[in-house]
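Report on the structure given below.
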Amino acid sequence: LPFLEGVMRMVKDVTTKEDGRKLIYYTFEDVTESDKGEKE
Amino acid sequence: LSELRWNPVLEEWVITATQRQDRTFFPPPEYCPLCPTKPGAFPTEIPAPEYDIVVFENKFPSLRPEPPEPAVEAMDVCPVAPAVGVCEVVVYSSDHNSELATMPFEKFHKLVYVWADRFQELGDRPEVKFVFLFENKGREIGVTLAHPHGQIYAYPFIPPIPERELRGCKKHYDAHGECLLCRLVKDELEDGRRIVARNEGFVAYIPFFARYPYEVHIHPLQHRPAITDFDGEEKRQLAQILQNVIVKYNRLWPERPSLPYIMVTHQRPTDAGSDAYPHYHYHIEFYPPYRTPDKLKFLAGSEAGAGAFINDTLAEEKATILRDVDPRLM
């Protein structure tokens, strides 16, 4: 998923409601130094 | 009941969606379906208390991933079709009393990323030909829920206005070998009188042919057919100019601090490959309905019946006014 200028990461949590409709939570997390290293 | 009915005279689909008559209409804040579910209270659309942005499929959709067969028989020259597609709601915040214009820059930035993700995912569905991201803001526009949110319609056809734009752009591209919207932006920048704001990657302006007094269009300066074509820096610049325009609207008239508007996004259809529309150019359009702080522009006979808009104002004058409005958050 895309990085916001290398400092934020978009996390997409896809769930399903009881009636079958899709519900998606988007959260943006800080990217730690280790994350950056892994990405590189 | 829900189906597509073809109008052979105008050559366009009409969506019938009778279940939408029963949709929630301005509930009191404690019964807002877009607020997070509170302990012991009625279940809303969003069980989680905290999030950045939430997207869910509309409970009262005009288009469905698995629609029923049309309930009406086609006429000889009026085909019907299932109303297949997706209608989503994009909730910007858990704060019922907020609005996009009062949110920090980070929210705009995140929203651009969510828009790009939704365009990509919905556009990848084989039945979807056009992904339309929009926001209706204000009772005057017909909004039925006050909680800040936008919407996405993933249509199984290319809607009439984008189709007309595509046709005009293709005609110019074939005749002159250039993108018509790139050309318009170049000419607007050279003229300068209708520019409202600009940054390194985008320009906001009231077009020469504006239909509404404060109609603003936002275009990327580089040729980009879709939001997924923007790099990280362009996404940041789009968020910046979007916030600039929306804050300007709210600061335009002190007596109307939350200006209603329709905001729509036009970008390439998704019925073919990403390089199938070199003649088309991503842009956002705003249509605020007010022409003065207390006078609405109605779509009356000429506009609604003939499609000929009459603008009582000059784009050059209104752009000067909007340009001079402070775009900083209050």
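Note that the structure is a prediction, hence the values are computed from the model and not measured. Protein chains get the first letters and strands the later ones, always in sequence-line order, with residue 1 at the start of each.
Residues A:Thr15 and B:Pro47 have side chains not in contact (no heavy-atom distance under 4.5 Å, counting atoms from C-beta outward).
Annotation: B:Glu200, atom CD; neighbour count of heavy atoms from other residues, nucleotides and ligands within 6.0 Å does not exceed 12. With a 6.0 Å radius and a threshold of 12 heavy atoms from other residues, nucleotides or ligands, B:Lys59 has its NZ atom at or below the threshold.
With a 4.5 Å cut-off on non-hydrogen atoms, B:Glu66 does not touch chain A at all. Residue B:Pro65 does not touch chain A at all, counting heavy-atom pairs closer than 4.5 Å.
With chain A as partner, the option from B:Ile53, B:Val91, B:Val89, B:Val112 having the largest number of non-hydrogen pairs under 4.5 angstrom is B:Ile53. Per-residue heavy-atom pair counts under 4.5 Å with chain A were compared for B:Ile46, B:Val55, B:Val54, and the maximum is reached by B:Val55.
Using a 4.0 Å cut-off between a side-chain N of Lys or Arg and a carboxylate O of Asp or Glu, B:Glu45 and A:Lys17 qualify as a salt bridge. Electrostatic pairing of B:Glu88 and A:Lys22 does not count as a salt bridge here, judged by no charged N lying under 4.0 Å from a carboxylate O.
Between A:Tyr25 and B:Tyr51, the angle of the ring planes lies from 30° to 60°, which puts this pair in the tilted group.
Note that CD of B:Glu50 and OG1 of A:Thr27 are 11.5 Å apart. Values are rounded to the nearest 0.5 Å. Taking NE2 of B:His109 as the start and CZ of A:Phe28 as the end, the distance is 9.0 Å to the nearest 0.5 Å.
A:Tyr26 does not carry B:Lys110 over the face of its six-membered ring by the limits of under 6.0 Å from the centre and within 45° of the normal.
The two residues A:Lys12 and B:Asp117 come nearest to each other via the heavy atoms NZ-OD2, 2.9 Å.
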